[in-house]
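A short worksheet on the structure shown next.
Predicted, not measured: the structure shown is a model, and the values here were computed from it. First the proteins, then the strands, lettered A, B, ... as listed; each starts at 1. FYI, side chains are in, hydrogens and waters are out, and symmetry mates aren't considered; it's all heavy atoms of this structure.
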Amino acid sequence: MKQMIQKTVEQALASAFNAGDLLPTEPPTSIVVEIPKTASHGDFSTNIAMTMASSQKRAPREIASVLIDHIKDSDGLVSRVEIAGPGFINFFVEQAQWYEVLKSVHSRGRSYGTSQVGQGKYIQIEFVSANPTGPLHVGHGRCAAVGDTLAAVLNAAGFKVEKEYYVNDSGRQILTLGSSVLLRYRELLEESVEFPTDAYQGEYIKDLAQSLLASEGKRLLDLPESEAIEACAMFAADEILDGIKKDLDAFNVSFDHWFSEQSLFDTGAVDKAIQDLKNKKIIYEHDGAMWFRTTAFGDEKDRVVVRANGLTTYFASDIAYHKNKLERRFDRIIDIWGADHHGYIPRVSASVQAIGHSKDKVGFVLVQLVNLLRDGKPIAMSTRAGEFVTLSEVVKEVGKDAARFLFLLRHYDSPLDFDLELAKRQSNENPVYYVQYVHARISNILRKAHERGYSNICWHDDFCELINLSEEIQLIKLMERYPEVITQSARLLEPHRLPFYLKELAGAFHAYYHDRTKHQVVSDDARLSAARLFLVSAVRIIIRNGLFLMGVSAPASM
RNA sequence: GCGCCUGUAGCUCAGUUGGAUAGAGCAACGGACUUCUAAUCCGUAGGUCGGGGGUUCGAAUCCCUCCAGGCGUGCCA
């Protein structure tokens, strides 16, 4: 609808230029049409006359008046156009148009809200990518919810999306994992061991040692230290990764690819990437180490890629990894990271540019931290000491629906306070059920309608007279906005817009539902019932579609 | 020190790429259950958009500066 208004304005503009009613200046590059805050300002408005005032050297209201004269509304889209305030042009949409919206919600059904603005372009999203050295915690959960929903939203907006998890199954942390497990293993065999502070402290290490002992027996004691550590590392990393996959599965998050860091070494990709950049003189030697000239791309200092001891840094893998991603010919690549990694952006961005790609090719989304609370009081957590609440514990306690909804209910730029007690509460303090409840209520109405024999939900032209109350038109106007919520979330990479919209739609429905003297859906009046069933089941379609994108279930009863 | 993020109602947060009179939820107060599910609704109250300058027809939004908080600033991952 907004696009149609936009086209109308565009056409009026062109017509005014052609007729010589406007000075022949450069036409505006984009026409902004928005939904005014107050209903008295119309359904849509544009500020075009104001933005053109200086180049046209005329008063905005005068320009607006010229444009209005050139508006051709052959489709009968608008009932009234007015000039208001400093020079806004306000459009009032013909009521009949809103029924078209309502009809299209039904005819599109599950695909209502989807579009082709992405033009089938390939986007890769990498997220979570937690090291397989311990279970996922709540911070990973937020990244998982954001990444998974963003992928769904982009997909709905017509992009082809691939979700990837980068597994850091190489490097020092894996060896640390191995030696941590080995020590606990020896402990189980009643050796007295000293457990160093730089080892992984969590209880889960003991569990891993236990299952290792169960499957391998005492065999590892006979191996040389380094082989034993490696065996422990392989075993533990596999087990942990397996657990991560299960946790994500329980959280309704899926990935298309699991990409192994180790594979970059096995195929020689890391060496090759380094060699290529050496040839380009972007990597140079200094103090026995190999340095990447990231300062040439705006970083504040150069970064080490190969240490003096010959071992590569994490950054080296990351260069090869991003090179690999870029070679896979995605149109765009998005890395979703915890905000504590933001210091890595300049160097990764430098590597992307050094490989020969535009900086914009790779986008970064930084998700701020999660503060876990219980009854308003912070829960102390320390990853180092192994004291943290895992994602699976949270999901088990509050349910995946509440967890996902609450993780998405904040812009990823703001830190998130997540209160476990509030998340569980079945009350109006908890926003999670508010939206789901709409779905349950409408489902119940449909059940009742079915019992009464009103089971055929399809459009009849007399609905135009029957769906007539301003609250009802208001509901349809809200429904009309849904597709734009999706495209905007996709364009700005901001999935939080979705739950905010759903809350708004839910609020409008609950208010409508509640006044049963005016809005009883299923009644003795068969025609009116049919019309209202058509209206409310459209609301249900959108609620269901929106929750689906968020990975939250839409229950038929609660 | 430098860099990134944040600062909007008592609390938690939105605010549509600069728009018209800054919004919602919670908490507070006052109301509504003979129901298509009260996990709901209606009403009242609540603001120096951190402070100060600037840009223009117009600023919560853009620029500068200061203040406060978070994170980062490894030949760690």
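Distance noted for atom C1' between B:U8 and B:G15: 9 Å (whole Å).
Contact annotation for A:K301: backbone-only contact, meaning every heavy-atom pair under 4.0 Å involves sugar-phosphate atoms and none involves a base. Contact annotation for A:R497: backbone-only contact, meaning every heavy-atom pair under 4.0 Å involves sugar-phosphate atoms and none involves a base. Here A:I35 lies in heavy-atom contact (under 4.0 Å) with a base. Heavy atoms of A:P415 sit under 4.0 angstrom from primed sugar atoms or phosphate atoms, though from no base atom. Residue-level contact check: A:Q520 touches the bases, meaning some heavy atom is under 4.0 Å from a base atom. Contacts of A:A449 with the nucleic acid, taken as non-hydrogen atoms under 4.0 Å apart, are absent. Residue contacts shown for A:Y314 include a base, since a base heavy atom lies under 4.0 Å away.
With ring centers used as reference points, A:F534 lies under 6.0 Å from A:F463.
Residue A:H341 places no side-chain atom within donor-acceptor reach of the base of B:G72, judged by atom type and a 3.5 Å distance cut-off alone.
Scanning for salt bridge (Lys or Arg N to Asp or Glu O under 4.0 Å) contacts around A:R544 gives an empty result, with sequence neighbours left out.
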Could you list all N or O pairs between the protein and nucleotides 38-42 of chain B that sit under 3.5 Å apart?
from: B:A38; atom 1: OP2; to: A:R441; atom 2: NH2; distance (Å): 2.6
from: B:A39; atom 1: OP1; to: A:Y437; atom 2: OH; distance (Å): 3.3
from: B:U40; atom 1: OP2; to: A:N428; atom 2: N; distance (Å): 3.4
from: B:U40; atom 1: O2'; to: A:R441; atom 2: NH1; distance (Å): 3.2
from: B:U40; atom 1: O2; to: A:H514; atom 2: NE2; distance (Å): 2.7
from: B:C41; atom 1: OP1; to: A:Y434; atom 2: OH; distance (Å): 2.3

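Within residues 43-58 of chain A, the residues that place at least one heavy atom under 4.0 Å from RNA chain B are, in residue-number order, A:S45, A:N47, A:M50.
Atom C1' of nucleotide B:G15 and atom CZ of A:F500 are separated by 10 Å, given to the nearest angstrom.
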